[in-house]
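Please read the structure below before turning to the comments.
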Amino acid sequence: MQKPRHFLTLDDCSREELLGLLKRTGELKSGIPRSGKAKPLEGRYVGMIFEKPSTRTRVSFHVGISQLGGQAIFLNSREIQIGRGEPIRDTARVLSRYLDAIIIRTFGHNVLEEFARWSSIPVVNGLSDSHHPCQILGDLFTLQERGVDVLTMKAAWVGDGNNVANSWIEAASILGFSLKLACPEGYDPQLTGDSGKVTLVRDPSEAVQDADVVSTDVWASMGQEDEADVRQEVFRGYQVNSELLKGARKNVYVLHCLPAHRGEEITEEVMESAHSLVWDEAENRLHVQKAILEMLVE
Ligand code: CP
Ligand code: NVA
């Protein structure tokens, strides 16, 4: 069996490939078809196993697959046998015989790795507890659209060292931009990244100093609902608000992958301000997903 190409983390791509994906995203957004085949997924079926809720990832992949000529099959994990304990390796081998690619949103990243090990079709990470690579590609593209040089920018992260933070760390390490993360003690990201590019601090004002872009995310991610009350206390000083942004560049951009909890990790004022790119960021998930699928499905 020939090993398929997977997209489980940003590290699955080289620097050149990531930059190529961003370029192709721009072409897709402008309606430029891939040379030779306008509908590269024609006659192809893409499965989507989701073990957690999703609005953006689910809908943007579904629409993107259709726009590329393919058919999406949504598989709620509770309604397929994997939810009753059928081994991942069995599900992976069976679905590989029907489908041409699969998108998986799950808890432990090891689920994705196990699926990919046994799969003969490409597997795409639609979010795991430790990575959200499609999101960061969309974020980088959104910044590029605004003229930000994603190779030399100063980026900041304020809040939980979660899946989105880890993928930011990978992006900084691959592309070489500077990333300062402010996370409370005990909530550091799993990854450390390239020490020359990625710095971890405790003070949010230190992280956002002179930043071109400030990014944040919810204090309690999916699966951490039981910790929500404790996290409310721990993260109290880690809010992206107008006061905090005074230390950043005057025209700083603010990103949030959404869904957002206004009044917690970000204020209503900042979300709705001219600094905020959150709606473009959400839209661009669609264009990025198409570039990823084009790359993986030959
Ligand atoms: N940002 C993001 O992945 O959103 P969903 O959880 O709605 O897919
Ligand atoms: N960190 C969040 C991201 C949601 C898109 C979560 O995992 O719930």
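Numbering of ligands and ligand atoms starts at 1, following listing order. It should be emphasised that the depicted structure is a prediction, and the values quoted were computed from it without experimental measurement.
- Contact of the P133 side chain with the F7 side chain is registered, since non-hydrogen atoms from C-beta on lie closer than 4.5 Å.
- With atom 8 (O) of ligand 1 as the reference point, the heavy atom nearest to it among S221, P259, S54 is part of S54.
- When each atom of ligand 2 is checked for a heavy atom of L127 under 4.0 Å away, the hits are 3 (C), 4 (C), 5 (C), 7 (O).
- Contact annotation: K52 has no heavy atom less than 4.0 Å from any atom of ligand 1.
- Residue M222 has at least one N or O atom closer than 3.5 Å to an N or O atom of ligand 2.
- Here K29 does not pair with D280 in a salt bridge; the nearest charged N to carboxylate O distance is not below 4.0 Å.
- The pair E265-R236 does not count as a salt bridge, with every side-chain nitrogen at least 4.0 angstrom from each carboxylate oxygen.
- Residue contact check: H132 has heavy atoms under 4.0 Å from atoms 2 (C), 3 (O) of ligand 1.
- Among all non-hydrogen protein atoms, the one lying nearest atom 4 (O) of ligand 1 is R56 NE, 2.9 Å.
- Protein heavy atom nearest atom 2 (C) of ligand 1, with residue, atom name and distance: R285 NH1, 3.4 Å.
- R105 NH1, 2.9 Å is the protein heavy atom nearest to atom 6 (O) of ligand 1.
- The single protein non-hydrogen atom nearest to atom 7 (O) of ligand 2 is N163 ND2, 2.8 Å, given as residue, atom name and distance.
- Residues R231 and E225 are not paired through a salt bridge, judged by the lack of any N-O separation under 4.0 Å between the basic side chain and the carboxylate.
- Residue contacts with ligand 2 leave out D160, since none of its heavy atoms falls under 4.0 Å from the ligand.
- Side-chain contact of T267 with R262: a donor-acceptor pair under 3.5 Å is absent, judged by distance alone.
- The backbone N or O of H256 lies less than 3.5 Å from a partner atom in the side chain of E281, making a donor-acceptor pair.
- Looking at atom 7 (O) of ligand 1, its nearest protein heavy atom turns out to be T55 N, 2.7 Å.
- Remark: ligand 2 and S221 share an N or O pair separated by less than 3.5 Å (distance only, no angle test).
- Using modelled atom types, one side-chain atom of K39 and one backbone atom of Q67 make a donor-acceptor pair closer than 3.5 Å.
- N162 and D217 share a donor-acceptor pair across their side chains, judged by distance under 3.5 Å alone.
- Heavy atoms of L258 come nearer than 4.0 angstrom to ligand 1 in at least one pair.
- Side chains of T9 and D11: a donor-acceptor N/O pair is absent below 3.5 angstrom, by distance only.
- Which parts of ligand 2 touch L258 is read off a 4.0 Å heavy-atom cut-off, strictly below it: atoms 5 (C).
- Here E294 pairs with R24 in a salt bridge; the nearest charged N to carboxylate O distance falls below 4.0 Å.
- Using a cut-off of 4.0 Å between Lys/Arg side-chain N and Asp/Glu carboxylate O, D129 and K52 are scored as salt-bridged.
- Of all the atoms in ligand 1, the ones that sit under 4.0 Å from a non-hydrogen atom of C257 are 1 (N).
- For ligand 2, the polar-atom distance check against N162 finds a nitrogen or oxygen pair separated by under 3.5 Å.
- Checking only distances, D217 does come within under 3.5 Å of ligand 2, N or O to N or O.
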